[in-house]
2 protein chains.
Amino acid sequence: MTPQRQLVLDAVRELGHATPEQICGQVQSSAPAVNITTIYRTLDLMERIGLVRHTHLGHGAPTYSELEHQHVHLVCHTCGAVTETSPGLLDGLAERLRGDIGFDLDATHVALSGLCSSCRDAYVDRPAVTDQQ
Amino acid sequence: MTPQRQLVLDAVRELGHATPEQICGQVQSSAPAVNITTIYRTLDLMERIGLVRHTHLGHGAPTYSELEHQHVHLVCHTCGAVTETSPGLLDGLAERLRGDIGFDLDATHVALSGLCSSCRDAYVDRPAVTDQQ
DNA sequence: GTCGTTGCAAAACGTTTGCACACCG
DNA sequence: CGGTGTGCAAACGTTTTGCAACGAC
């Protein structure tokens with residue numbers, strides 16, 4: 001565990017959900033010389049050994065978090081808002097997928113997408129202007 | 001509806017699920033001068049008016065398909081294989097999300113991720129080497 | 001002439017690679 | 001020494017942007 005790696009892990013823990021770029025910023029606030037390449041390499045390494053995980057929120061860069069940070073993410077098509085909810089919501093689905101076709105679902109790795117309540121309310125005959133997915 | 005746009009729409013229909021680059025290739029096979037910028041702009045336009053949709057299969061470029069092509073996609077973490085299944089599988093979840101937090105789920109927009117049956121079988125004490133997500 | 005559409009080049013974004021240097025055993 | 005980790009620059013794949021030219025009304 002090198003100093004850079006410790007800083008990356010600390011940043012992931014502090015930031016909760018963060019893109020490699022955000023993590024890089026956080027790390028550089030205490031060690032400006034650290035390069036973003038190192039961030040990527042370190043995140044990759046830590047993911048392989050099971051220290052962190054990444055989640056695709058739809059658009060753009062994935063976000064990294066601690067392995068224990070287990071949530072299902074809901075991303076709004078229209079405003080891009082991210083809501084977290086319990087992985088338990090997908091237990092039934094996971095069981096059915098496993099039984100039906102032998103697919104072992106990882107509910108937390110990708111965000112589910114849809115329309116959040118406020119956008120649904122606003123979406124009265126006004127077509128979506130932005131799809132941030 | 002310009003000739004380019006018709007070609008893009010035809011390509012989306014012929015290819016089923018295709019990335020912008022693949023669509024560009026298909027279009028250029030009959031009209032070589034068409035630029036990929038036009039593909040992007042046209043797909044964007046057609047998505048806004050509801051002719052096509054795009055789906056994130058995890059890694060890399062999204063795939064475009066006709067609006068009617070409604071599937072839930074399952075992508076394997078390890079081998080990257082894509083399975084299609086019925087959107088009905090998520091009906092219960094969609095209902096619960098709508099009731100609990102007012103989130104209107106679009107089950108077909110992102111692929112669910114996990115481990116396919118063959119990779120799960122192969123995954124006996126052999127850690128994943130590739131995560132294509 | 002005005003507006004929308006196109007092609008092209010360049011930029012932008014997120015990520016990966018090659019390579020040389022430094023450090024630690 | 002040898003091997004690992006790092007920084008830097010450059011490449012990469014995908015997407016967006018600026019701009020000039022074209023065409024339809």
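First the proteins, then the strands, lettered A, B, ... as listed; each starts at 1. Computed from heavy atoms alone, side chains included, the values below leave out hydrogens, waters and symmetry copies. Fair warning: this is a prediction, and the values are worked out from it, not measured in the lab.
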*Round to the nearest Å and state the distance from B:Met1 atom CE to C:dT5 atom C1'.*
14 Å
_Assess the residue pair A:Thr108 and A:Arg53 against the criterion (side chain to side chain donor-acceptor pair (under 3.5 Å)); give the C-alpha distance rounded to whole Å, side-chain angles, the decisive distance to 0.1 Å, and a yes or no._
CA-CA 9 Å; A:Thr108 67; A:Arg53 58 163 49 241; 2.5 Å; yes
*asked:* Nearest whole Å is fine: how far is C:dG7 P from B:Asn35 CG?
replied: 6 Å
_Rounded distance (Å) that lies between atom C1' of D:dT15 and atom CD of B:Gln22_ = 16 Å
_Base-contact (B) and sugar-phosphate-only (S) positions in nucleotides 11-25 of chain C, heavy-atom cut-off under 4.0 Å, - elsewhere_ = ---SBBBB-------
*asked:* Side chains of B:His56 and A:His59 only: does a donor on one sit below 3.5 Å from an acceptor on the other?
replied: no
*More than 12 heavy atoms of other residues, nucleotides or ligands under 6.0 Å from CD of B:Glu21: is that the case?*
no
*asked:* Just N and O in the side chain of A:Thr38: are any of them under 4.0 Å from OP1 or OP2 of D:dG7?
replied: yes
_In this structure, how many angstroms lie between the P atom of C:dT5 and the CG atom of B:Leu7, rounded?_
16 Å
*A:Gln6 has an atom CD; how far is it from atom C1' of D:dG5, in whole Å?*
16 Å
*Protein-nucleotide distance (A:Ile39, atom CD1; D:dC8, atom C1'), rounded to Å*: 15 Å
*Measure from CG on B:Leu45 to P on C:dT5 and round the result to the nearest Å.*
7 Å
_Closest approach of A:Gly50 to A:Leu67 (non-hydrogen atoms, all atoms of both residues)_ = O-CD2, 3.2 Å
*Measure the distance from CG on B:Leu9 to C1' on C:dT5 and round it to the nearest whole Å.*
17 Å
*asked:* On the nucleotide D:dG5, are OP1 or OP2 found under 4.0 Å from the side-chain N or O atoms that A:Thr2 carries?
replied: no
*Would a 4.5 Å heavy-atom cut-off, applied to side chains only, mark B:Tyr64 and B:Glu47 as touching?*
yes
_If we count only N and O atoms by modelled type, under 3.5 Å, do the side chains of B:His71 and B:His17 hold a donor and an acceptor together?_
no
